[in-house]
Amino acid sequence: MTGFEPLIGIGTAALTALVTEIVKTKGGKLLDQLDRDILNPKLKAAVHQYVHEYKERHGKLKVACVRMDNPLKLEELYTAVKVLDRSELRYFESTDTLQDWFRQNGRLGANREDKQSGLTVANREQYLMVLGGPGVGKSTFLRKVGLEALKGKQTDQQDRFHHACIPVFLALQRFNSKEIKIEQVIAREFEVCGFPDAADFAQAALEGGKLLILLDGLDEVPLEHLDHAITQIQDLVDRYSQNRFIASCRVAAYKGGFPRFKDVAMAAFEDEQIEQFIRNWFRSPQDQETNTADQCWELLKRPEYAAAKDLAQTPLLLTLLCAVYDEGLDFPKNRAALYGEALDVLLRKWASEKRIQHNPIYQELSLELERALLSDIAFESFVEDQLFFNKRSVTDQIRTFLVSNLNAPKHLDSEKVLEAIEVQQGILVERARDAYSFSHLTFQEYLTAQYIVDNQQIEWLVTNHLTDERWKEVFLLVAGLMPGRKGADQLLILMEKQTQRLLENPIAARRIIRLLKWAEQATEGSEGNYKPAAKRAAAVYFTLNLDCNLDYNLDYNLESAFTLDWALDRALNYALDFAPVDWDFDRALAHFCQQTKVFTRSISSKPFLNSKHLRRLTLTNLLKFDKLLLSRFGSFGSRHCNSIQNLLSCPKKSRSC
């Protein structure tokens with residue numbers, strides 16, 4: 001039993017009717033295969049075998065490089081994809097425009113209304129070119145369309161394929177010789193399933209416009225045979241234009257050449273797609289009984305896993321996240337290890353598993369050198385607060401790296417290196433004309449941390465960016481990357497010393513001590529088995545995450561409209577009023593933090609509010625709510641405060657650690 005039996009039955013019935021129509025229309029020798037309008041046993045068996053083989057070859061997913069050890073049925077795991085016009089990928093005018101868009105929206109991509117269901121577009125467009133980076137689900141989408149076509153023409157459901165076609169899936173990486181003819185490859189798909197006179201049948205199906213030709217991985221054709229493959233595809237489309245064609249290619253490798261085709265790009269997964277994928281993954285009876293999918297999704301939505309959720313926009317990396325969670329019902333405490341594995345999947349493992357022939361550049365540029373190069377680019381751009389950088393600057397940086405690194409090949413062309421990284425791995429992506437960024441901000445942060453550790457820049461990091469919110473994730477990743485038995489000890493010691501230096505300034509000391517005293521007062525007598533220092537650390541952590549413009553750079557104005565007391569008091573009142581009383585600790589905290597950010601950002605522009613009015617508000621509700629949080633502290637705070645509890649201990653005069 002394969003688990004496909006019901007689908008094979010449906011597909012066989014639909015395909016039998018279609019094969020009968022093709023044979024009758026063609027007549028001649030093929031018609032002799034029919035016996036009084038009933039398919040003879042040999043042809044009927046071939047039809048059944050074709051459906052069975054398609055589902056076995058293309059109806060299962062197994063991606064070992066992301067810890068997916070057992071195959072899963074595609075139709076059970078598949079999550080509906082969305083596409084957008086390729087032009088939407090390049091509507092930004094400059095890197096500054098990109099920066100502004102990201103600052104305002106928090107992520108890249110077109111508006112929701114610009115995206116369409118992939119199957120809807122596949123039904124509408126007779127010739128379709130699907131573009132996207134590595135691991136975004138192009139091949140999976142083509143396989144899914146083929147599976148839908150096997151079910152026969154269905155016009156009553158929007159999420160079904162509406163055309164009566166026989167799907168033929170062709171992996172274009174097999175076009176590794178100029179002797180290969182695409183018509184022969186199509187005929188071979190029928191021949192291996194036992195079709196009598198397979199070449200004649202394939203010819204009849206093409207002439208009758210009854211095939212759905214799925215051309216997967218144009219970018220995977222060896223470079224020396226690419227022109228030949230493109231010419232064959234163009235000739236096939238022109239000669240048999242009544243058929244339907246869907247091709248796929250990595251966006252950076254696509255140079256055009258298919259004038260009939262509508263070019264669309266795979267859109268990144270949105271939250272509802274991520275959640276649906278997780279529910280599809282954890283669909284076993286045991287997982288449903290224990291609500292594993294709910295727990296995984298709730299964990300991924302937490303603020304501390306924002307970087308992991310960013311990776312989840314790419315289906316390949318979302319698969320890795322699900323597999324990791326499946327192993328231990330949690331994500332690793334050391335997030336650096338997880339992000340490093342995700343980066344390694346794209347740099348090395350994915351191309352190896354797909355058996356893609358690498359660009360000749362990679363025969364000379366080792367993986368270690370490439371990671372060092374990417375770390376250089378990430379660090380320099382992150383220091384300059386540049387999420388996006390122009391082509392000239394990045395190629396100059398590549399050229400400098402190749403010249404200055406003793407182990408790097410000096411003769412490589414920097415533009416060719418950039419193109420290879422973009423095409424083969426998708427780590428760097430062209431977001432607008434000659435404007436690039438890392439495919440995920442998470443990778444830029446991880447590689448920045450890697451540069452700091454590799455180049456012994458820990459002291460520089462602490463001295464310059466200890467109080468910089470933008471560098472928080474980098475600090476956490478540096479702590480996870482530091483080698484040896486002592487691990488992050490050096491980092492924490494330097495952070496403590498830097499804090500002491502801040503306390504030497506009377507103005508800064510007064511503010512910090514005030515905050516620490518508040519934390520001690522807010523947590524005194526609260527329930528929980530954690531040490532007082534841990535509770536104080538959690539209270540400070542919660543406070544700083546309210547985004548209340550607390551600034552240790554001596555610019556914080558206690559008389560401004562955004563006093564710490566008022567902002568916390570008003571935000572907590574707001575959260576308490578609107579958060580359901582039966583929420584658990586984590587959901588209440590997430591809601592609380594989110595609503596506080598929304599409120600503080602919106603209220604900052606109200607000119608009628610002044611400090612005298614705001615100062616009348618007290619900390620009563622804040623203390624009450626804070627004690628409530630800390631009484632249920634264990635499910636959340638332990639994952640965040642342990643690394644900073646020594647740093648944020650109470651002032652010496654009131655120390656009770």
Side-chain angles (χ1 to χ4, degrees), residues 1-60 73-75 78 119 122-123 126 141-157 159-171 182-216 236 240 242-246:
M1 298 290 287
T2 66
F4 286 124
E5 283 75 14
L7 294 176
I8 290 175
I10 295 172
T12 300
L15 195 59
T16 297
L18 193 53
V19 168
T20 302
E21 179 184 348
I22 293 170
V23 172
K24 284 185 175 182
T25 301
K26 179 65 175 178
K29 185 170 59 174
L30 285 177
L31 190 57
D32 294 338
Q33 300 295 333
L34 292 177
D35 181 17
R36 296 183 181 178
D37 297 334
I38 301 175
L39 287 173
N40 69 24
K42 186 176 182 181
L43 189 53
K44 191 172 184 178
V47 171
H48 182 275
Q49 185 65 19
Y50 188 88
V51 177
H52 178 271
E53 287 295 323
Y54 189 95
K55 293 182 181 297
E56 284 294 321
R57 292 166 59 195
H58 310 305
K60 294 181 179 179
K73 287 192 286 188
L74 184 150
E75 294 212 309
Y78 181 78
L119 269 171
N123 279 317
Q126 185 178 354
F141 174 65
L142 265 62
R143 293 168 187 259
K144 171 63 174 176
V145 176
L147 289 171
E148 291 300 320
L150 278 181
K151 298 174 183 177
K153 184 177 180 181
Q154 302 177 61
T155 58
D156 57 334
Q157 300 182 54
D159 59 344
R160 296 290 185 259
F161 195 66
H162 298 167
H163 304 276
C165 299
I166 303 175
V168 180
F169 189 95
L170 304 180
I182 193 166
E183 286 96 334
Q184 295 175 359
V185 176
I186 293 172
R188 179 65 178 164
E189 292 293 305
F190 295 104
E191 182 181 352
V192 295
C193 295
F195 270 78
D197 300 303
D200 289 339
F201 176 79
Q203 181 71 23
L206 283 168
E207 292 175 355
K210 298 301 182 182
L211 295 187
L212 168 64
I213 309 296
L214 302 166
L215 303 160
D216 183 48
L236 183 74
Y240 306 109
Q242 298 304 308
N243 295 275
R244 303 188 72 84
F245 298 85
I246 304 179

What are the two closest non-hydrogen atoms of [X] and [Y], and how far apart are they?
X	Y	value
Ala202	Ala187	CB-CA, 3.8 Å
Leu214	Gly146	CD1-CA, 3.8 Å
Ala122	Arg244	O-NH2, 3.3 Å
Lys210	Asn243	N-OD1, 3.2 Å
Ala205	Leu211	CB-CD2, 3.6 Å
Phe141	Leu119	CE1-N, 3.9 Å

Derivation of the side chain to side chain contact (heavy atoms under 4.5 Å, CB included) call for Tyr54 and Leu15 | CA-CA 12 Å; Tyr54 189 95; Leu15 195 59; over 6 Å; no
Does Phe161 offer a backbone N or O that forms a donor-acceptor pair with the side chain of Asn123 under 3.5 Å?
-> no
Under 3.5 Å donor-acceptor, Arg143 side chain and Arg57 backbone =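 A pair under 3.5 Å: yes.
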Please walk me through it: do Ile182 and Ile213 pass side chain to side chain contact (heavy atoms under 4.5 Å, CB included)?
-> CA-CA 11 Å; Ile182 193 166; Ile213 309 296; 5.6 Å; no
Should [X] and [Y] count as side-chain neighbours, where that means a heavy-atom distance under 4.5 Å?
X	Y	result
His58	Leu142	no
Lys55	Leu150	yes
Val185	Val168	no
Phe169	Leu147	no

Parallel, tilted or perpendicular: rings of His52 and His48 (30°, 60°) =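 His48 vs His52 ring planes: parallel.
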Please report the C-alpha distance between Glu75 and Lys144 in whole Å, then the side-chain angles of each, then the deciding distance to 0.1 Å, and finally whether the side chain to side chain contact (heavy atoms under 4.5 Å, CB included) criterion is met.
-> CA-CA 7 Å; Glu75 294 212 309; Lys144 171 63 174 176; 3.4 Å; yes
Would you sort out whether Val47 and Phe195 count as a side chain to side chain contact (heavy atoms under 4.5 Å, CB included), showing the intermediate values?
-> CA-CA 7 Å; Val47 171; Phe195 270 78; 4.1 Å; yes
